[in-house]
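As structure tokens, the structure follows; a few thoughts come after it.
Bear in mind that the values here come from a model prediction, so they are computed numbers and not experimental data. Residue numbers count from 1 along this sequence.
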Amino acid sequence: MTTKTTRDFGASLPNGWTQLDRGLQDEHWATFISKFGFRAGIKPESWPAIAEPTPSVTFDLAIDALPTRASAGALFDAINAEALRCFLTEFPGDPLFVVLDWQHPGYIFDAEAHANAAEDAEWRVPVYPNGDYYIFGRDGFSEGTFGHPWERTLCVYGPRLVATLGRTLATWLPTVRTDGIPVV
């Protein structure tokens, strides 16, 4: 099964997704930029694009070594599914995330409503960065994920998500940085 994604081309929003108004979206971007020093850049000399906090773990998502397109699709699906599982188990009763998508609308993501849509669940913005910077954050970005599409990495940050999502992803994805420090 492939993770269903939608694009903002006038389609109705999937279950669990509420678009942020422009003012609120700008406030969230300002908070994120202030907290992490975000700077966009497609060249390696500008990476990482954020000051990765402590605790955090950043994973290599490069799919060059994957033998088939299907393998790449499975990686995409597995990361989104595992993130959703951890979002639900770590934040029961309050599974709301701010989702920022570079140069596109932002959202409030209700992980529980999304998961309750079962097979019809579509991701307006996936956790896996497949074309833009994707940020899922909680409570002023104290916990969350930051996907970098050009570096092809996913940073998981905050104590609860590092202990769950970070720990499970580390069983099968290479770690490139821990707490912002390169792994050698």
Side-chain angles (χ1 to χ4, degrees), residues 1-7 13-20 28 32 36 50 52-63 66 68-101 106-149 151-179 183:
M1 182 170 113
T2 301
T3 301
K4 294 180 185 179
T5 60
T6 59
R7 295 287 179 236
L13 288 172
N15 287 342
W17 295 87
T18 304
Q19 188 169 327
L20 294 170
H28 287 300
F32 185 78
F36 296 99
I50 63 170
E52 295 169 341
T54 299
S56 69
V57 61
T58 302
F59 299 100
D60 183 357
L61 302 179
I63 58 173
L66 295 176
T68 66
R69 183 175 168 101
S71 299
L75 176 67
F76 180 85
D77 290 344
I79 288 170
N80 290 316
E82 184 59 13
L84 181 60
R85 185 191 72 78
C86 290
F87 292 170
L88 291 169
T89 58
E90 284 308 301
F91 307 102
D94 184 24
L96 299 180
F97 287 78
V98 169
V99 177
L100 300 177
D101 177 355
Y107 301 92
I108 295 296
F109 175 64
D110 181 333
E112 188 172 345
H114 177 83
N116 282 335
E119 292 180 25
D120 294 329
E122 295 181 23
W123 291 81
R124 180 53 66 103
V125 176
V127 172
Y128 186 101
N130 67 350
D132 267 323
Y133 298 102
Y134 296 149
I135 300 142
F136 281 70
R138 291 196 37 90
D139 307 322
F141 301 99
S142 61
E143 303 257 356
T145 64
F146 173 76
H148 193 305
E151 186 183 29
R152 296 189 291 182
T153 57
L154 180 68
C155 177
V156 176
Y157 64 90
R160 290 183 284 183
L161 286 180
V162 166
T164 56
L165 181 58
R167 185 196 230 149
T168 58
L169 293 180
T171 65
W172 53 281
L173 286 174
T175 300
V176 294
R177 289 181 295 275
T178 301
D179 300 338
V183 174

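Here the side chains of Thr175 and Phe59 are in contact, with some heavy-atom distance below 4.5 Å. For the pair Val125/Asp132, no side-chain contact is recorded, criterion being any heavy-atom separation below 4.5 Å from C-beta on. Residues Thr145 and Leu154 are in side-chain contact: their nearest non-hydrogen atoms beyond the backbone lie under 4.5 Å apart. Counting only heavy atoms from C-beta outward, the side chains of Ile108 and Val99 never approach each other to under 4.5 Å.
Closest approach of Pro129 and Leu61 over heavy atoms only: CD-CD1, 3.5 Å. The nearest pair of heavy atoms linking Leu84 to Ala115 is CD2-CB, 4.1 Å. Shortest non-hydrogen contact noted between Leu88 and Pro95 is CD2-CB, 4.3 Å. Counting all heavy atoms, side chain and backbone alike, Cys155 lies closest to Glu52 at SG-CG, 4.0 Å.
Side-chain contact annotation: Glu82 with Thr168, donor-acceptor N/O pair under 3.5 Å present.
Between Phe97 and Phe87, a ring centre-to-centre spacing shorter than 6.0 Å is recorded.
Classification of Arg124 and Asp101 as a salt-bridged pair fails, no side-chain N sitting under 4.0 Å from a carboxylate O. Using a 4.0 Å cut-off between charged nitrogen and carboxylate oxygen, Arg177 and Glu151 count as a salt-bridge pair.
In this structure, the side chain of Glu143 engages the main chain of Leu161 through a donor-acceptor pair within 3.5 Å. In this structure, the side chain of Asp179 engages the main chain of Ser56 through a donor-acceptor pair within 3.5 Å. Using a distance-only test at 3.5 Å, with no hydrogens or angles considered, no donor-acceptor pair links the side chain of Arg138 to the main chain of Gly144.
Ring geometry for Phe141 versus Phe36: interplanar angle over 60°, hence perpendicular rather than tilted (30 to 60°).
With rounding to the nearest 0.5 angstrom, the CG atom of Leu169 is 11.0 Å from the OG1 atom of Thr58. Phe136 CZ to Leu165 CG: the interatomic distance, rounded to the nearest 0.5 Å, is 11.0 Å. A distance of 7.5 Å separates OH in Tyr157 from CD1 in Ile135, rounded to the nearest 0.5 Å.
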* **Test log, rule side chain to side chain contact (heavy atoms under 4.5 Å, CB included), inputs Thr18 and Asp110** => CA-CA 8 Å; Thr18 304; Asp110 181 333; over 6 Å; no
* Do Tyr134 and Tyr128 pass the side chain to side chain contact (heavy atoms under 4.5 Å, CB included) test, and can you show the C-alpha distance, the side-chain angles, and the key distance before you say yes or no? -> CA-CA 8 Å; Tyr134 296 149; Tyr128 186 101; over 6 Å; no
